[in-house]
Colleague: 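Pasting a structure here, questions to come.
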Amino acid sequence: MRKLKPILAVIVALSILLLSGCANIQALLTKSDSDFYEIKALSDIAELYCSVDISGDNILFLTASGLDPYVLSVYDVEKNSIVAQKDMADSTLEYISGAKFGDNDRILVYDEGNEKAITYDLSLNETGTIEYPYVDYHDNAPEASFFNDTFVYEESYAYSYEGDDYCLVLYDDLENVYIFDSTDESIYGVDGKKLLTVESTYTESNDTWNTKVNVKDIENSLCINSLNLGITSSGIFNDFYNSAISDKYVCFINRIYNDVTGGSITTPYLWKYTESPSNEAIDIKALNEEKMLEENEKIIDSIMEKYGVNVFINKEPQFGFSVDLTASTLQVHHVLTNLEECLDLFPENFVKEVYKDAEYVNGLNIHIVENIDGASAFANDFAENYEICFGCRGFSRSVVFHEFMHLIDNRIQTYYDDNNMDFYDLWWKLNPEDFEYGSETDYEPYEEHFISYYAMTNVGEDMADTFQAMFEAYENNGDERFSKYENVGKKAALICEAIRRAFPCMATSKEACWEKYIDLNK
């Protein structure tokens, strides 16, 4: 008794027809390799793949075709054939929501909503009916020092994204967190210390995507094998679902989607990922709480030594917004690592000159907290020490540059005042004649003058958001707004000129990162 939304199956069937004729996709699907192949015995009869699981040499599939009932299939990898199959039309479950292997190769087909399951042996003979042992992964996850409410909990692991980093904690290794770059890569399965990941990279020059499937040994920081699925042209995308990995096999369902026609082809693949003789070292860092605390202290000491800046963790700033002082060691590590990298991008002595010689200012304090009520970060320039406070929840590298601009503009203003020049008069001349900061107005008519809607709040936020976007252009290899909109480009050039005038260290600095994509002659 299937009772799946029937429209889904219709869409799948129609999508397959819509996609046919795309030569680029067909080339991708005709790969021939003894260790990697399409499971034709299944793809010939199925269109929708609802569940995939692996046990030994057996792969379990729950599939459907059109409006037909679900079909349960056991595929034997070594025999390269379906060795057992069952039509689920007469199932006593009210709703079938999935299937998986249980203990001793027992197969469970379950109704998660009603917490019931039917059990089968490998020949798909029914062996009983049980109450499905439904597990709320979040409520039943074990305790680990790194966990906070940013984590997503799965059956055997939990993960969190911290910026461009993927933070992974395995339930059988709760003392460590594994940290690696997640910019182009996502996890699709875990088996012990092995990860199944999919990596998609875009090449702008020829408007194509390249997709790789990887098996990674995170314990030894190695990519033990990769499978390159090839390049797809603009508008053609790969996605993966219901994938599974074991100690010998990877099975994944690959959907190739045509953005132009809206059609798709969905295909099951089997990959015997025998370990490659040329294991590739990968940048995965395993840290326990103690090591991470040590690294955090080293970074704090390094920032003080290089820049004379105090960094405080979970300590309330002297002034500012209400803050939550419960940042975890992992969150702090992410902010500290990126903070130091950002500070290292400023020209030599620049950070010290931000607060050096400022009247009534003794230095600069940076605070890192869990969350800031109503903001991602803020800066204070009216205390005995300048202060910048970063919330872990809203942190990004570009926010560092935004907040620093709120302090940089003090030195700019002082320099221009001392030299009988009015910096803000130059700035305001780049705004529309009828514009007033903070007024209720639409952004669209003014986008030629302002980098963002928030930049229209006041001149300080205008400068800070523009400076932030200048850094983001450096990080992202450009931003067309600085060339497309004349006054936005002129504001960026004015910031560059003002910084070079106001900061002595800039006399010997060739090109600052924020200048890279700005026309300084505007």
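In what follows, residues are counted from 1 in the order of the sequence shown. Computed from a predicted model, the values in this text were never measured in an experiment.
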Colleague: Take a 6.0 Å sphere around OH of Y166 and say whether it holds more than 12 heavy atoms from other residues, nucleotides or ligands.
Modeller: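 Yes, enclosed.
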Colleague: Can you find a side-chain donor-acceptor pair between N288 and N176 that sits under 3.5 Å?
Modeller: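 Side chains of N288 and N176: no pair found under 3.5 Å.
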Colleague: Fit a plane to each ring of Y153 and H138, take the angle between them on a 0 to 90° scale, and name the class: parallel (under 30°), tilted (30 to 60°) or perpendicular (over 60°).
Modeller: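 Correct class here is perpendicular.
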Colleague: Is the side chain of R393 donor-acceptor paired with the backbone N or O of N371 at a distance under 3.5 Å, no angle test?
Modeller: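 It does not hold such a pair.
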Colleague: Search all heavy atoms of Y157 against all heavy atoms of L170 and return the closest pair with its distance.
Modeller: CB-CD2, 3.9 Å
Colleague: Hey, is CG on D418 packed in by over 12 heavy atoms from elsewhere, all under 6.0 Å?
Modeller: yes
Colleague: Quick one: does any side-chain atom of Y443 pair with a main-chain N or O of F450 as donor and acceptor, under 3.5 Å?
Modeller: yes
Colleague: Could you tell me whether a side-chain N or O of N410 sits under 3.5 Å from a main-chain N or O of H406, the two making a donor and an acceptor?
Modeller: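 Indeed, once roles are kept as given, a pair shorter than 3.5 Å links the two residues.
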Colleague: Test side chain to side chain donor-acceptor pair (under 3.5 Å) on N362 and N385; report intermediate values, then the result.
Modeller: CA-CA 5 Å; N362 297 325; N385 288 295; 4.7 Å; no
Colleague: Would you call the rings of Y202 and W209 parallel, tilted or perpendicular, taking 30° and 60° as the class edges?
Modeller: tilted
Colleague: To the nearest 0.5 angstrom, please state how far the NZ atom of K484 sits from the CD atom of E480.
Modeller: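 Those atoms lie 5.5 Å apart.
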Colleague: Quick one: does N242's side chain have a donor or acceptor within less than 3.5 Å of a partner on Y49's backbone?
Modeller: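 Judged by distance alone, yes, a pair lies under 3.5 Å.
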Colleague: More than 12 foreign heavy atoms under 6.0 Å from NZ of K315: is that the case here?
Modeller: no
Colleague: Fit a plane to each ring of F404 and F346, take the angle between them on a 0 to 90° scale, and name the class: parallel (under 30°), tilted (30 to 60°) or perpendicular (over 60°).
Modeller: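 The arrangement is tilted - the two ring planes meet at 30° to 60°.
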Colleague: Under 4.0 Å between a side-chain nitrogen and a carboxylate oxygen: does that hold for K490 and E486?
Modeller: yes
Colleague: So for atom CD, which belongs to E290, do other residues, nucleotides or ligands contribute more than 12 heavy atoms lying within a distance under 6.0 Å?
Modeller: no
Colleague: Shortest non-hydrogen contact from F146 to L330?
Modeller: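 Nearest heavy atoms, F146 then L330: CD2-CB, 4.0 Å.
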Colleague: Can any side-chain N or O of S182 pair as donor or acceptor with the backbone N or O of D164 at less than 3.5 Å?
Modeller: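 Yes, because the side chain of S182 sits within donor-acceptor range (under 3.5 Å) of the backbone of D164.
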Colleague: Going by side chain to side chain donor-acceptor pair (under 3.5 Å), S160 matches just one of T150, N148, D165. Which one?
Modeller: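 When side chain to side chain donor-acceptor pair (under 3.5 Å) is applied between S160 and each of T150, N148, D165, only T150 qualifies.
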Colleague: Are the charged groups of E185 and K216 less than 4.0 angstrom apart, N to O?
Modeller: yes
Colleague: Could you tell me if H402 and Q468 have a donor-acceptor pair between their side chains, going purely by distance under 3.5 Å?
Modeller: yes
Colleague: To the nearest 0.5 Å, what is the distance between CZ on F467 and CG on D409?
Modeller: 10.5 Å
Colleague: Any sub-3.5 Å donor-acceptor pair from N476's side-chain atoms to G478's backbone N or O?
Modeller: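 Checking the backbone N and O of G478 against the side chain of N476, no donor-acceptor pair under 3.5 Å is found.
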Colleague: Are D344 and Y307 linked by a side-chain donor-acceptor pair shorter than 3.5 Å?
Modeller: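 Side chains of D344 and Y307: pair found under 3.5 Å.
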Colleague: Please say whether more than 12 non-hydrogen atoms of neighbouring residues, nucleotides or ligands are located less than 6.0 Å from NZ in K194.
Modeller: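 For K194, atom NZ is crowded (more than 12 foreign heavy atoms under 6.0 Å).
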Colleague: Walk me through it: do Y178 and D173 pass the test side chain to side chain donor-acceptor pair (under 3.5 Å)?
Modeller: CA-CA 10 Å; Y178 293 88; D173 182 20; 2.7 Å; yes
Colleague: Whether K193 and D172 form a salt bridge (side-chain N of Lys/Arg under 4.0 Å from carboxylate O of Asp/Glu) is what I want to check.
Modeller: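 No, no charged N to carboxylate O under 4.0 Å.
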Colleague: Side chains of N214 and N225: any donor to acceptor distance under 3.5 Å?
Modeller: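 N225 vs N214: no donor-acceptor pair found between side chains.
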Colleague: Without hydrogens or angle criteria, can the side chains of N431 and H449 be said to hold a donor-acceptor pair below 3.5 Å?
Modeller: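 No.
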Colleague: Any Lys/Arg nitrogen of R255 or D239 sitting under 4.0 Å from an Asp/Glu carboxylate oxygen of the other?
Modeller: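 Looking at R255 and D239, the cut-off is met.
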Colleague: Does D465 form a side chain to side chain donor-acceptor pair (under 3.5 Å) with S452? I'd like the steps, not just the answer.
Modeller: CA-CA 7 Å; D465 253 21; S452 67; 2.4 Å; yes
Colleague: Applying side-chain contact (heavy atoms from CB on, under 4.5 Å) to I368 and L336, what does each step give before you reach the verdict?
Modeller: CA-CA 8 Å; I368 299 174; L336 282 174; 3.6 Å; yes
Colleague: For the pair N487 (side chain) and L430 (backbone), establish whether a donor and an acceptor sit closer than 3.5 Å, ignoring hydrogens and angles.
Modeller: yes
Colleague: Please confirm whether R397 makes a cation-pi placement over F471, using NZ or CZ under 6.0 Å from the six-membered ring centre and within 45° of the ring normal.
Modeller: no
Colleague: For Q318, does the CD atom sit with more than 12 other heavy atoms under 6.0 Å from it, leaving out its own atoms?
Modeller: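 Count over threshold, so yes.
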Colleague: Test your reading of the model: is there a side-chain donor-acceptor pair from T203 to the backbone of N206, 3.5 Å cut-off?
Modeller: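 Flag not set: sc T203 to bb N206 has no pair under 3.5 Å.
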Colleague: Locate the shortest heavy-atom distance separating S145 from E289; write the atom from each residue and the value.
Modeller: OG-OE1, 2.9 Å
Colleague: Using a distance-only test with no angle check, is there a side-chain donor-acceptor pair under 3.5 angstrom linking T441 and S439?
Modeller: no
Colleague: Can you classify the ring geometry of F147 versus Y171 as parallel (below 30°), tilted (30 to 60°) or perpendicular (above 60°)?
Modeller: perpendicular
Colleague: Do E295 and K285 sit within salt-bridge range, that is, some charged N less than 4.0 Å from a carboxylate O?
Modeller: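 So E295 pairs with K285 through a salt bridge.
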Colleague: Hey, does the side chain of S221 reach the backbone of I284 with a donor-acceptor pair shorter than 3.5 angstrom?
Modeller: yes
Colleague: Can you establish whether the number of heavy atoms outside E175 located under 6.0 Å from its atom CD is more than 12?
Modeller: no
Colleague: Tell me the closest heavy-atom pair linking K491 and D462, and the distance in Å.
Modeller: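 For K491 and D462, the tightest heavy-atom pair comes out as NZ-OD2, 2.7 Å.
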Colleague: Whether the E199 and T211 side chains hold a donor-acceptor pair (N or O, under 3.5 Å, no angle test) is what I'd like checked.
Modeller: no
Colleague: Does D381 reach the main-chain N or O of L407 with its side chain, forming a donor-acceptor pair under 3.5 Å?
Modeller: no
Colleague: Measure the CD-CZ distance between E448 and R481 for me, rounded to the nearest 0.5 Å.
Modeller: 13.5 Å
Colleague: Which pair of heavy atoms, one from K510 and one from R500, lies closest together, and at what distance?
Modeller: O-NH2, 2.6 Å
Colleague: State, to 0.1 Å, how close A244 and L196 come at their nearest heavy-atom pair, and which atoms those are.
Modeller: O-CD2, 4.1 Å
